[in-house]
4 protein chains.
Amino acid sequence: MKDKRQQILETALKLFVENGFHATPTSMIAKEAGVATGTLFHHFKTKEELINTLYLETKEILIQALTKQVNEQDTLKSKFRQVFYNAINWAISHPDHQFFYSQYSYSPFISTLTRELGLQRFHVIQELLKEGQENDILKAIPIGLMIDTAQGTLDGITNYLMEHPEKIDDREFTEQAFSMFWDVLKG
Amino acid sequence: MKDKRQQILETALKLFVENGFHATPTSMIAKEAGVATGTLFHHFKTKEELINTLYLETKEILIQALTKQVNEQDTLKSKFRQVFYNAINWAISHPDHQFFYSQYSYSPFISTLTRELGLQRFHVIQELLKEGQENDILKAIPIGLMIDTAQGTLDGITNYLMEHPEKIDDREFTEQAFSMFWDVLKG
Amino acid sequence: MKDKRQQILETALKLFVENGFHATPTSMIAKEAGVATGTLFHHFKTKEELINTLYLETKEILIQALTKQVNEQDTLKSKFRQVFYNAINWAISHPDHQFFYSQYSYSPFISTLTRELGLQRFHVIQELLKEGQENDILKAIPIGLMIDTAQGTLDGITNYLMEHPEKIDDREFTEQAFSMFWDVLKG
Amino acid sequence: MKDKRQQILETALKLFVENGFHATPTSMIAKEAGVATGTLFHHFKTKEELINTLYLETKEILIQALTKQVNEQDTLKSKFRQVFYNAINWAISHPDHQFFYSQYSYSPFISTLTRELGLQRFHVIQELLKEGQENDILKAIPIGLMIDTAQGTLDGITNYLMEHPEKIDDREFTEQAFSMFWDVLKG
DNA sequence: GATGAATGAGAATTCATTCAT
DNA sequence: GATGAATGAATTCTCATTCAT
């Protein structure tokens with residue numbers, strides 16, 4: 001049997017995504033996780049601590065995923081392509097985590113501190129963007145705008161894929177998608 | 001003195017944006033709106049009816065705003081530019097409405113029916129996109145992907161502007177932003 | 001039917017005396033008072049506010065009782081006798097209030113502010129004590145010691161009377177009791 | 001390192017005095033005593049057993065202290081003086097115990113059985129009072145009234161000393177205090 | 001003896017909603 | 001239309017106690 005703490009975290013993730021934070025009673029989390037309510041509060045002092053822990057613990061996994069197989073000797077475009085594929089593959093294979101991030105990253109339930117730690121999520125991409133601007137490959141615009149727009153575009157593509165997950169294996173389709181992402185950025 | 005019903009709607013919008021739906025008690029809305037709790041429920045049978053009404057009543061304003069000054073005889077790019085400027089100007093001048101839409105458009109508090117009505121928000125843009133594809137001006141990709149990506153890119157740009165509202169008057173900046181939006185779409 | 005707020009206060013007084021503060025759930029107070037739990041919290045924001053209100057509202061009654069029929073032209077001893085009889089009569093006829101004061105005056109449930117207001121309880125007696133010292137009738141000792149000791153002696157006598165309430169009508173007995181009280185004080 | 005059982009008792013005494021019985025969780029006692037929660041329940045089957053044990057174990061010490069140096073051949077007044085000094089000295093040097101007794105002697109947490117055992121506390125004094133009445137030295141009043149009043153007066157004096165502990169070494173002051181105590185009793 | 005994770009009944013408090021005025 | 005006291009189910013959190021290690 002899995003660790004009870006872990007079981008609570010996984011159940012909470014699922015239920016928060018399905019119902020929302022406030023619409024998910026701690027009693028429901030405990031019940032579905034197969035533990036007593038007291039156990040939940042034994043591991044997480046408050047409901048808020050639970051969601052913040054959830055945010056931070058799952059963030060790690062995502063960061064790892066995004067940078068996988070990005071090789072230093074690749075061209076910039078290749079690096080972006082790899083990150084792009086990492087991102088959409090991760091989203092498709094971890095839909096709950098993906099929904100969790102899009103719903104809660106900017107919600108008031110996640111404390112400012114936690115959110116700031118979580119922002120490192122796109123640190124890798126930010127570095128790539130800066131590198132591209134310095135080498136005159138990407139658009140010469142304020143880096144902040146570039147970051148926000150890149151993220152928005154990626155989110156849009158991901159949204160579509162979440163609703164049409166079969167497309168993830170259609171290489172022609174994903175390459176078209178990547179070309180949209182790339183065109184936003186390239187100078 | 002303003003109509004009490006209207007006062008309730010405006011207060012609710014503000015508080016829902018600030019605190020979230022579930023974290024905003026109806027008693028707080030009533031108090032801040034300067035009416036009795038009974039009055040709120042006199043005008044809106046339930047709290048859900050209140051937020052759905054809010055969604056629909058404010059949607060109208062947005063739709064009007066997006067299509068303003070889009071002339072039939074303009075080039076497609078000009079039309080897109082106009083819609084783009086309409087969208088970012090509206091967001092900057094109605095930040096609460098903008099936050100309200102980004103928070104609640106896909107939340108479970110908005111009933112499916114209401115949401116579908118609201119989707120007409122981007123109906124204009126969808127028509128433009130189709131027109132552009134038919135004329136080989138835009139990328140030849142599934143229309144759904146194009147819609148989602150366009151919306152994502154626009155949201156990203158808007159996010160940035162919401163945090164740097166002074167840029168809205170910097171024409172060079174907004175043109176750079178538009179070029180990102182346009183590059184996503186154009187073939 | 002009595003005012004619900006008043007009904008809650010009276011029920012709470014009785015139950016706090018019987019069971020103690022922490023051993024009296026608000027649900028029990030509400031039930032016994034014949035109101036919904038929500039009603040209790042409608043009138044008193046917290047359980048602590050309830051007990052503090054109780055303390056202050058009942059204090060008034062006591063203060064009035066202690067100074068009844070104390071005439072300016074009486075001798076000092078007569079004044080003390082009158083206050084003494086007022087005190088023991090009040091205790092016997094309001095046993096719940098009396099128990100409430102002896103249990104909660106120095107408990108942590110009563111906030112410091114509330115307690116200080118309540119200390120005015122013995123203000124009358126304090127004035128009489130000072131007067132007696134100035135006229136060389138009472139012991140020439142620190143006033144603080146005199147106050148505390150007088151209160152202790154009176155409490156002791158009251159304790160005995162609470163357990164033998166029939167004695168209250170035995171004038172010979174009460175005069176003996178008063179002589180103990182007086183002997184503590186007189187020089 | 002001290003015995004864990006003893007450590008628990010001492011910590012509990014301190015915390016019960018500071019916060020009250022119900023406001024002191026067993027978990028807090030265990031934590032502050034540096035033991036596991038299980039350990040507390042290994043030594044005391046229930047929380048009630050803990051406080052009752054506390055009451056009885058510390059009572060012994062007090063009883064010993066009160067009768068110290070009371071010699072058979074002394075005059076009655078000398079005996080009372082000795083007991084009086086023993087009482088106030090003990091209170092000053094064991095403030096937590098003193099508070100514990102004044103708070104819990106008559107509380108419902110101490111079982112009737114325990115309380116009765118504890119009443120022996122004033123057994124010595126009761127014997128002296130009876131002796132004094134038989135010899136026509138003390139007031140000829142019901143013994144119960146005498147006991148309660150004597151205890152009340154002593155408590156009053158002790159209360160004052162607890163807040164002005166420096167006075168304990170002022171012999172003139174303590175003799176004045178004793179004279180109040182004595183005047184209550186003597187015929 | 002000692003540990004501390006696990007338990008679940010029970011506590012204070014909240015809040016959408018009703019209804020008599 | 002407007003009011004706000006009253007409602008009670010639902011929620012978060014507490015805490016004495018158990019038990020496997």
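The sequence lines fix the lettering, A, B, ..., with proteins before strands; numbering per chain opens at 1.
- B:I51 has its CD1 atom 15 Å from the C1' atom of E:dA16, to the nearest Å.
- The distance between atom NZ of B:K31 and atom P of E:dT14, rounded to the nearest whole Å, is 12 Å.
- Counting to the nearest Å, the C1' atom of F:dT14 and the CG atom of A:L40 are 13 Å from each other.
- With the nearest nucleotide of DNA chain F identified for both C:V35 and A:A23, C:V35 has the one nearer the 5' end.
- Between the P atom of E:dA5 and the CZ atom of A:F44 lies a distance of 13 Å, rounded to the nearest Å.
- When the C1' atom of E:dA11 is taken as reference, atom CG of C:L50 falls 15 Å away, rounded to whole Å.
- One atom, CE of C:M28, and another, C1' of E:dA12, lie 14 Å apart when rounded to the nearest Å.
- As the counterpart of F:dT7, E:dA16 is assigned, both hydrogen-bonding distances of the Watson-Crick or G-U wobble pattern falling under 3.5 Å.
- For the OP1/OP2 pair of F:dT12 and a distance below 4.0 Å, the side-chain nitrogens and oxygens of A:T26 include at least one atom meeting the criterion.
- Residue order along DNA chain E, read from the 5' end via each residue's closest nucleotide, puts A:G38 first among B:P25 and A:G38.
- For the pair C:K47 NZ and F:dT14 P, the computed distance is 15 Å after rounding to whole Å.
- Using cut-offs of 30° and 60° on the angle between ring planes, the pair C:F21 and C:Y104 is perpendicular.
- E:dC19 atom C1' lies 13 Å from atom NZ of C:K4, rounded to whole Å.
- Between B:A33 and B:Q7, the closest heavy-atom pair is O-CG, 3.3 Å.
- B:K47 contributes a side-chain N or O that, together with a main-chain N or O of B:T24, makes up a donor-acceptor pair within less than 3.5 Å.
- Of the possible donor and acceptor atoms, one in the side chain of D:Y101 sits under 3.5 Å from a partner among the backbone N and O of D:Y55.
- In this structure, C:H43 reaches the F:dA6 phosphate: one of its side-chain N or O atoms is under 4.0 Å from OP1 or OP2.
- Out of F:dG8, E:dA2, F:dT12, the shortest distance to the side chain of C:A36 is found at F:dG8.
- Closest to the side chain of D:T39, from the set F:dT17, E:dA2, E:dA6, is E:dA2.
- The base of E:dA9 sits with one of its N or O atoms less than 3.5 Å from a complementary donor or acceptor on the side chain of A:T37.
- Between C:W90 and C:H97, the ring-plane angle classifies as perpendicular under the 30° and 60° cut-offs.
- Dashed line: the shortest gap from a side-chain N or O of D:H42 to OP1 or OP2 of E:dA2 is not under 4.0 Å.
- Of all nucleotides listed (E:dA11, F:dT12, F:dT18), F:dT18 comes nearest to the side chain of D:F41.
- In a base pair of the Watson-Crick type (N1 to N3 plus N6-O4 or O6-N4) or a G-U wobble (N1-O2 and O6-N3), with each distance short of 3.5 Å, F:dT21 is matched with E:dA2.
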